[in-house]
Colleague: 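Handing you a structure now.
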There are 2 protein chains.
Amino acid sequence: MKKIITEIRKEQIAQAALDTISVHGMKGLNIANVARKVGIVPSGIYRHFKSKEKILYAIFDLIKQKLLSNVALACEQTSDPIERLKRILSLHTQLILQNKSILRVFFSDDTYSGYLHRNETKYKIISDYLNKIVEIIQQGQANGQIRKDLDTQMLSVLFLGIIQPAAILGHLSNEQFDLTKHVGKAWEFFSESILAA
Amino acid sequence: MKKIITEIRKEQIAQAALDTISVHGMKGLNIANVARKVGIVPSGIYRHFKSKEKILYAIFDLIKQKLLSNVALACEQTSDPIERLKRILSLHTQLILQNKSILRVFFSDDTYSGYLHRNETKYKIISDYLNKIVEIIQQGQANGQIRKDLDTQMLSVLFLGIIQPAAILGHLSNEQFDLTKHVGKAWEFFSESILAA
DNA sequence: CTCCTATGTGAATTTATATTCACAATATAA
DNA sequence: TTATATTGTGAATATAAATTCACATAGGAG
């Protein structure tokens, strides 16, 4: 019975929960599974998280970090707006393929009254992400690469639309649908369509 | 204790379940709620459906019908491919706004091992829908309206991307995000981009 | 080394649901 | 009208999980 300080345990638990969701989905996320994966007993989880719900919020945080760090990385690699978008798309595709949990977490239905707050949190994460996209698009408009007659928010949501429905199809079809190929083609079409004449 | 033949009851139950999901989400879908809404006692449900899971499949069927009848309606109204796509988009937007359950059902996470088959069914429904879209796009390519260099399947998925991410944002934000407005703008951009020169 | 606090344990509790079953009431055909 | 199949009822059963709690122990501070 090894003791580990709560700071570390919290990370282990959040990661274990994320992994559990990757494999077994939201419904498969239970304290017993997480505890086993961490190597402690179910009740031990409660030394570190007040409730299962709190663990979920830790997961939200992990996902948020992953998303935003992709944006940051792409922005470091290049200053060209179009190129930035392309890299974000590529990174995002990889992220989704490697972390199935992201889809599972965001596309679970949390309409339940007890989960009121989950959707707010999800919305905030996506909004923050989209705002970054909007900024990049605006840079592209400012430097004359991207058509100025297009609404930036609309484009940012459509940008999400390049990957999201395809990711869901991939998930539903057990990866029969080729996400990477779709994103490649869709980006080609999207990027040429937003270019200034 | 009014008796009603199972044929009718089944429809009542499926509809009640659909309504329940609209308001309370997938997690809020329980036999007690459905039974109360139908006006019978929980155990009575089992005279008509072998299990809760079977009810869900009845719901899948309802949704499938709604989706495909929209496509059929649009195709009756006009024979112009571009116009067809536009009407489908409009009908689909209304459908989603009026039947919140569709989002809830499709965007619930059914990775759980016991629900293996759900995703197959969902995938089949979406695939059928997308195939119709592909056909319409091909008509447009055949008559010279739509660019022939674009992959039709990619376009159909992207077409879905006009509405789907936006619908999710609307849902997550408690309808703060204006779905109708987004779809209008996005369609304008999308349709002009696919037009043959 | 000895306390003291943080962490881990196992059993018990609670809650929420689906599902079953024996029995009752209805409707329909004869 | 009566028999029979269908549908509805209420109580009981089964199961799955989250959560609590009293107790145990590790490990650093002093």
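So that the names make sense, note that chain A is the first sequence line, chain B the second, and so on, each numbered from 1.
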Colleague: Can a side chain N or O of B/Arg9 be found less than 4.0 Å away from OP1 or OP2 on D/dT6?
Modeller: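 So the side-chain polar atoms of B/Arg9 never come under 4.0 Å of the phosphate oxygens OP1 or OP2 of D/dT6.
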Colleague: Looking at C/dT7, does its base get a donor-acceptor pair with the side chain of A/Lys2 below 3.5 Å?
Modeller: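 No such pair is found, so the answer is no.
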Colleague: Base, sugar-phosphate alone, or nothing: which one does A/Leu29 contact when heavy atoms must sit under 4.0 Å apart?
Modeller: sugar-phosphate
Colleague: Pick the nucleotide of DNA chain D nearest each of B/Thr6 and B/Tyr112; which residue has the one closer to the 5' end?
Modeller: B/Thr6
Colleague: Are B/Lys52 and C/dA18 close enough that a side-chain N or O sits under 4.0 Å from OP1 or OP2?
Modeller: yes
Colleague: Provide, to the nearest angstrom, the distance between the CD1 atom belonging to B/Ile40 and the C1' atom belonging to C/dT26.
Modeller: 14 Å
Colleague: Can you check the B/Ile55 CD1 to C/dT19 C1' distance for me, whole Å?
Modeller: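 Atom-to-atom, B/Ile55 to C/dT19, this comes out as 12 Å.
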Colleague: Do the side chains of A/Glu120 and A/Lys124 get close enough for a salt bridge, i.e. N-O under 4.0 angstrom?
Modeller: no
Colleague: Specify the residue among B/Glu53 and A/Arg47 whose closest nucleotide of DNA chain C lies further upstream toward the 5′ end.
Modeller: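 Comparing both residues, the 5'-ward one is A/Arg47.
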Colleague: Is it the case that the base of C/dA27 and the side chain of B/Lys3 share a donor-acceptor contact (distance under 3.5 Å, atom types as modelled)?
Modeller: no
Colleague: Assess the pair A/Tyr129 and A/His92: is the distance between their ring centroids shorter than 6.0 Å?
Modeller: yes
Colleague: Hey, does B/Ile45 reach any base, or is it just sugar-phosphate, or nothing, if we go heavy atoms under 4.0 Å?
Modeller: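 Contact class for B/Ile45: none.
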Colleague: Which nucleotide, if any, forms a Watson-Crick or G-U wobble pair with C/dT7, using both distances under 3.5 Å?
Modeller: D/dA24
Colleague: How close or far is atom P of C/dA16 from atom CD1 of B/Ile31, stated in whole angstroms?
Modeller: 17 Å
Colleague: Whole angstroms only, please: what is the CG-C1' distance between A/Leu56 and D/dT19?
Modeller: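 So the CG-C1' distance, A/Leu56 to D/dT19, works out to 17 Å.
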Colleague: Side-chain N or O of A/His48 less than 4.0 angstrom from OP1 or OP2 on C/dA6?
Modeller: no
Colleague: Given the rule in the side-chain contact (heavy atoms from CB on, under 4.5 Å) test, do B/Arg47 and B/Ile40 qualify, once you have shown the distances and angles that lead to the verdict?
Modeller: CA-CA 11 Å; B/Arg47 290 283 173 224; B/Ile40 60 177; over 6 Å; no
Colleague: In whole angstrom, what separates A/Tyr46's OH from C/dT9's P?
Modeller: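 Between P of C/dT9 and OH of A/Tyr46: 15 Å.
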Colleague: Take A/Ala32 and B/Met1, find for each the nucleotide of DNA chain D with the closest heavy atom, and name the residue whose nucleotide sits nearer the 5' end.
Modeller: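 Going by which nucleotide is closer to the 5' end, it is B/Met1.
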Colleague: Starting from C1' on C/dT17, measure out to NZ on B/Lys27 and report it in whole angstrom.
Modeller: 10 Å
